[in-house]
*Asks:* 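Have a look at this one.
Every value quoted in this text rests on a predicted model; they were computed, and no experiment measured them.
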Amino acid sequence: MPKKIKYPYEYNEKARKIAKLYTRIKIINGIISDILSIAVLAIIFYSGAAYYLAFFAMQLSGAYFLQALVMGFLLTTVLNICRLPLGFYSGYIIEHRYGLSNQSFAEWVRDYGKGIFLGYLIFLPIISIVYFLISSFAEWWIYASVFSLAIYLFLDFIYPVVIFPFFYKTRAYRDMKQIKRLKEMALRAGVKVSRVLVAMESEKSKKANAMFAGFGETKRIVLFDTLLESFTPDEIETVVAHELAHYANRDIYRFFLLEAAKTFVSFYLIYLVLQSAAGDAIPSAGHLSGMPLFMLAFSVIELFAMPAVNTYSRRRESEADRFSLEVCQKPDAQISSEKRLADMNLSDDRPHPAVEFLLYTHPAAWRRVKMAEDFRKKK
């Protein structure tokens, strides 16, 4: 018998109180993790340990590219070891304590290991090629920026067909009536969708979500099974319409341009940092002992850029909410889905404005609900 879904959904006050505690712990853990990474890199570089690691890397291989690969591996491994306790606390203990995780310890270890493996697989060739460029060209930051953006596009393209299935089991969505509604809605917005898939999120957690992914033939709608089990068809439609908006509003291109600007600025600033350190803190800009400084500078720049990037992201997400209201014309369903998502995912619907400004990529739930309520009043 199909599960009876309460509609329209109203906030569960108990869940709202728990969500504030859960969100606070996750934010604090994330901040500590970032600070720890920066501190570890700073200690490795300024203590002189970077020279010993670089010397070890240079003894293992004659080719500079492979030496950089080994140096990147050593630094990444040290960071992974240092961050493991926080990752376990945030990803396993807290998720179980608040009743969000469905994973056993072994399943969590498997997924965590997959994330570490993927990080090595992506990061090590990138840092090796970047350091090859540093050692080969005076204006290396230009070539490194172009190379990094090419990788960004490549990963975005393969994500739905390679990376996402690496972590999630998927199956074809079988509700033909709903598929027809979703595809027709996408076509009205000028987006042709190749497939509608279901991701088995229930094997991992109780959280719900949906996403659009891919380009061209890889373009698809992915619905979490937790969303399908707990949301009404109209609510699902508003959630999907929000994701569809990012394609219809060309946010893919907007965010690529933003990433391009950030990448060029970041690499130029790192270029200045390495140049100023060359001959003093490190023998030359391309010397492997400077890699911790490279990673440290990159981390600090990312941290300082975060508020501006998040502000722009919230604006685009707000436009996606508005698009969903215009396309679906179902403000009640959108209000209901926002409240249900907030309770299911234990997200704080009213964070402190400073926290929202600094850390939130999406508007707080109360703002999204208010937009839908204002839309309903106008209609």
*Asks:* Heavy-atom count around Arg16 CZ within 6.0 Å, excluding the residue itself: above 12?
*Replies:*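 Yes.
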*Asks:* Quick one: do the Gln103 and Asp111 side chains pair a donor with an acceptor below 3.5 Å?
*Replies:*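 The answer is yes; a qualifying pair exists.
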*Asks:* Please tell me if the side chains of Leu257 and Arg254 come closer than 4.5 Å, counting only heavy atoms from C-beta onward.
*Replies:*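 Heavy-atom side-chain distance check fails, nothing below 4.5 Å.
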*Asks:* Using a 3.5 Å distance criterion without hydrogens, assess whether the side chain of Arg314 forms a donor-acceptor pair with backbone atoms of Phe357.
*Replies:*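 Here the side-chain-to-backbone pair exists.
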*Asks:* May I ask you to list the residues sharing a hydrophobic cluster with Met371, side-chain cutoff 4.5 Å, ordered by chain and number?
*Replies:*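 Answer for Met371: Leu325, Phe375.
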*Asks:* Mark yes or no for whether Ser266, through its side chain, and Lys262, through its backbone, hold a donor-acceptor pair below 3.5 Å.
*Replies:*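 Judged by distance alone, yes, a pair lies under 3.5 Å.
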*Asks:* Apply side chain to side chain contact (heavy atoms under 4.5 Å, CB included) to residues Met185 and Leu244 and explain how you reach the verdict.
*Replies:* CA-CA 9 Å; Met185 179 178 67; Leu244 169 67; 4.1 Å; yes
*Asks:* Distance check, rounded to the nearest 0.5 Å: Leu133 atom CG versus Ser148 atom OG?
*Replies:*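 Reported value, rounded in 0.5 Å steps: 9.0 Å.
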*Asks:* If you look only at pairs with a residue in residues 353-362, which of them pass as a side-chain hydrogen bond (donor to acceptor under 3.5 Å, both in side chains), with sequence neighbours excluded?
*Replies:*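 Listed by first then second residue: Glu317-His362, Glu356-Arg367.
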*Asks:* When you look at CZ of Phe167, are more than 12 heavy atoms from neighbouring residues, nucleotides or ligands closer to it than 6.0 Å?
*Replies:*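 Enclosed.
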*Asks:* How about Tyr46: does its OH atom have over 12 heavy atoms from other parts shown lying under 6.0 Å from it?
*Replies:*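 Counting other residues, nucleotides and ligands, OH of Tyr46 stays at 12 neighbours or fewer.
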*Asks:* Strictly distance-based, threshold 3.5 Å: is any side-chain N or O of Thr76 a donor or acceptor partner for the main-chain N or O of Phe73?
*Replies:*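 Here the side-chain-to-backbone pair does not exist.
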*Asks:* Where do Tyr112 and Phe88 land on the ring pair (Phe, Tyr, Trp, His ring centres under 6.0 Å) test, with the steps shown first?
*Replies:* CA-CA 9 Å; Tyr112 192 81; Phe88 176 67; 8.8 Å; no
*Asks:* Is there a chain of hydrophobic side chains (I, L, V, M, F, W, Y, each step under 4.5 Å between heavy atoms) that links Tyr9 to Trp366?
*Replies:*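 No: no chain of side-chain contacts under 4.5 Å links Tyr9 to Trp366.
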*Asks:* Do any N or O atoms from the side chain of Asn345 and from the backbone of Ala208 form a donor-acceptor pair under 3.5 angstrom?
*Replies:*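 It does hold such a pair.
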*Asks:* Counting distance only, does the side-chain N/O of Ser276 pair as donor-acceptor with the main-chain N or O of Val273 below 3.5 Å?
*Replies:*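 Yes, the answer is positive, given that a donor and an acceptor are paired below the 3.5 Å cut-off.
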*Asks:* Is the shortest heavy-atom distance from the side chain of Leu358 to the side chain of Met306 under 4.5 Å?
*Replies:*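 Result no, sub-4.5 Å side-chain heavy-atom pair not found.
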*Asks:* Under a 4.5 Å cut-off applied to non-hydrogen side-chain atoms, are Tyr159 and Leu155 in contact?
*Replies:*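 When only atoms from C-beta onward are counted, Leu155 and Tyr159 do not touch, as no gap falls below 4.5 Å.
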*Asks:* Going by ring-ring contact (aromatic ring centres under 6.0 Å, His included), name the pairs with one or both residues in residues 273-323, residues two or more places apart or in two chains.
*Replies:*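 Every ring-ring contact (aromatic ring centres under 6.0 Å, His included) pair that includes a residue of residues 273-323, provided the two are not neighbours, is Tyr131-Phe294, Phe255-Tyr312.
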*Asks:* Ignoring hydrogens and angles, state whether a donor on the side chain of Tyr268 or Ser145 is under 3.5 Å from an acceptor on the partner side chain.
*Replies:*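 No, because no side-chain N or O of Tyr268 sits under 3.5 Å from a partner of the opposite role on Ser145.
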*Asks:* Determine whether Tyr168 and Glu201 satisfy the following criterion, side chain to side chain contact (heavy atoms under 4.5 Å, CB included), listing intermediate values before the conclusion.
*Replies:* CA-CA 7 Å; Tyr168 284 92; Glu201 174 65 20; 2.8 Å; yes
*Asks:* Near Lys169 NZ, under 6.0 Å, is it more than 12 heavy atoms from other residues, nucleotides or ligands?
*Replies:*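 Counting other residues, nucleotides and ligands, NZ of Lys169 stays at 12 neighbours or fewer.
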*Asks:* Around atom CZ of Phe166, are there more than 12 heavy atoms from other residues, nucleotides or ligands closer than 6.0 Å?
*Replies:*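 Buried by this count: over 12 neighbours within 6.0 Å.
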*Asks:* Quick one, Leu149 with Leu153, criterion side chain to side chain contact (heavy atoms under 4.5 Å, CB included). Give me CA distance, side-chain angles, the key distance, then yes/no.
*Replies:* CA-CA 6 Å; Leu149 290 172; Leu153 287 175; 5.9 Å; no
*Asks:* Would you give the length of the straight line joining atom CD of Glu243 to atom CG of Asp251, rounded to the nearest 0.5 angstrom?
*Replies:*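 Glu243 atom CD to Asp251 atom CG measures 10.5 Å (nearest 0.5 Å).
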*Asks:* With a 6.0 Å cut-off on the ring centroids, do Tyr64 and Phe132 count as close?
*Replies:*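 Ring centroids of Tyr64 and Phe132 are no less than 6.0 Å from each other.
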*Asks:* For Ala333, does its backbone N or O pair with a side-chain atom of Tyr7 as donor and acceptor, under 3.5 Å?
*Replies:*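 Yes; at least one donor-acceptor contact below 3.5 Å.
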*Asks:* What's the separation between atom OG in Ser230 and atom NZ in Lys6, rounded to the nearest 0.5 Å?
*Replies:*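 Separation between the atoms: 13.5 Å.
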*Asks:* Calculate, to the nearest 0.5 Å, the distance between atoms CG and CZ belonging to Leu258 and Arg316 respectively.
*Replies:*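 Result: 11.5 Å between the selected atoms.
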*Asks:* Evaluate the side chain to side chain donor-acceptor pair (under 3.5 Å) criterion for residues Thr77 and Tyr120: first the C-alpha distance (whole Å), next the side-chain angles of each, then the deciding distance (0.1 Å), finally the verdict.
*Replies:* CA-CA 9 Å; Thr77 301; Tyr120 280 124; 2.7 Å; yes
*Asks:* Do we see a donor-acceptor contact under 3.5 Å between the side chains of Gln334 and Ser324?
*Replies:*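 Yes - a donor-acceptor pair under 3.5 Å links their side chains.
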*Asks:* State whether Glu319 and Arg322 are salt-bridged, where the test is any N-O pair (Lys NZ or Arg NE/NH1/NH2 against Asp/Glu carboxylate O) under 4.0 Å.
*Replies:*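 Yes.
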*Asks:* Taking 4.0 angstrom as the limit, do Asp374 and Lys370 come out as a salt bridge?
*Replies:*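 Salt bridge flag = yes for Lys370 with Asp374.
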*Asks:* Under a 4.5 Å cut-off applied to non-hydrogen side-chain atoms, are Ile221 and Arg195 in contact?
*Replies:*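 Answer no - side chains too far apart.
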*Asks:* Mind checking whether Trp141 and Phe264 have parallel, tilted or perpendicular rings, split at 30° and 60°?
*Replies:*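 It falls in the perpendicular class, over 60°.
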*Asks:* If you measure only the distance, is there a donor-acceptor pair under 3.5 Å linking the side chains of Gln178 and Tyr173?
*Replies:*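 No donor-acceptor contact under 3.5 Å links the two side chains.
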*Asks:* Provide the full list of side-chain hydrogen bond (donor to acceptor under 3.5 Å, both in side chains) pairs with a residue in residues 31-41, sequence neighbours left out, each pair given once.
*Replies:*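 Qualifying pairs: Ser37-Arg83.
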*Asks:* With the side chain counted from C-beta on, respond yes when Val222 and Pro160 share a heavy-atom pair under 4.5 Å apart, and no when they do not.
*Replies:*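 The answer is no; the side chains never approach within 4.5 Å.
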*Asks:* Please round to the nearest 0.5 Å and tell me the distance separating atom CG of Leu223 and atom CD of Glu229.
*Replies:*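 Going from CG on Leu223 over to CD on Glu229, the span is 12.0 Å.
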*Asks:* Under 4.5 Å between side-chain heavy atoms, chaining through other members, with only Ile, Leu, Val, Met, Phe, Trp and Tyr counted: pull out the rest of the cluster around Tyr11, sorted by chain and number.
*Replies:*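 Members besides Tyr11, by chain and number: Ile335, Val369.
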*Asks:* For atom OH of Tyr98, is the number of surrounding heavy atoms from other residues, nucleotides or ligands below 6.0 Å larger than 12?
*Replies:*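 Yes.
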*Asks:* Are Leu118 and Ile158 joined in one hydrophobic group, where the rule is that I, L, V, M, F, W and Y side chains link up if heavy atoms are under 4.5 Å apart?
*Replies:*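 Hydrophobic grouping puts Leu118 with Ile158.
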*Asks:* Can you find a pair of side-chain heavy atoms, one from Val198 and one from Thr170, that are under 4.5 Å apart?
*Replies:*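 The answer is no, as the side chains (C-beta and beyond) never meet within the 4.5 Å cut-off.
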*Asks:* With no hydrogens and no angle check, is any side-chain donor or acceptor of Glu107 less than 3.5 Å from a backbone partner on Ser104?
*Replies:*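 Present.
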*Asks:* Between Arg171 and Asp225, is there a salt bridge with N-O shorter than 4.0 Å?
*Replies:*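 Here Asp225 does not pair with Arg171 in a salt bridge, since their nearest N and O are not under 4.0 Å apart.
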*Asks:* Counting C-beta onward and ignoring hydrogens, is there a side-chain heavy-atom pair between Asn102 and Lys204 closer than 4.5 Å?
*Replies:*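 Not touching, per the 4.5 Å side-chain cut-off.
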*Asks:* Output yes when a side-chain donor or acceptor of Asn12 lies under 3.5 Å from a complementary backbone atom of Lys14, and no otherwise.
*Replies:*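 Present.
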*Asks:* For residues 19-30, pull every pair meeting side-chain hydrogen bond (donor to acceptor under 3.5 Å, both in side chains), keeping only residues two or more places apart or in separate chains.
*Replies:*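 Passing the test, one end in residues 19-30: Lys20-Asp348, Tyr22-Glu95, Tyr22-Lys207, Lys26-Ser90, Lys26-Glu95.
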*Asks:* To the nearest 0.5 Å, how far apart are CG in Leu75 and CG in Leu41?
*Replies:*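 So the CG of Leu75 and the CG of Leu41 are separated by 7.0 Å.
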*Asks:* Should the pair Arg340-Asp343 be classified as a salt bridge under the 4.0 Å nitrogen-to-oxygen rule?
*Replies:*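 Asp343 and Arg340: not salt-bridged.
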*Asks:* What I'd like to find out is whether the side chain of Trp140 reaches to under 4.5 Å of the side chain of Phe267, using heavy atoms alone.
*Replies:*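 A side-chain contact under 4.5 Å exists here.
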*Asks:* Do Glu235 side-chain atoms and Thr232 backbone N/O form a donor-acceptor pair below 3.5 Å?
*Replies:*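 Checked: pair present.
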*Asks:* Which word best sums up how the rings of Phe105 and Tyr92 line up, parallel for under 30°, tilted for 30 to 60°, or perpendicular for over 60°?
*Replies:*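 Because their plane-to-plane angle is over 60°, the rings of Phe105 and Tyr92 count as perpendicular.
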*Asks:* Stepwise, does the side chain to side chain contact (heavy atoms under 4.5 Å, CB included) test hold for Leu79 with Met295?
*Replies:* CA-CA 11 Å; Leu79 287 173; Met295 295 169 65; 3.7 Å; yes
*Asks:* Closer than 3.5 angstrom, by distance alone: can the side chain of Ser128 be matched with the main-chain N or O of Leu69 as a donor-acceptor pair?
*Replies:*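 Indeed, once roles are kept as given, a pair shorter than 3.5 Å links the two residues.
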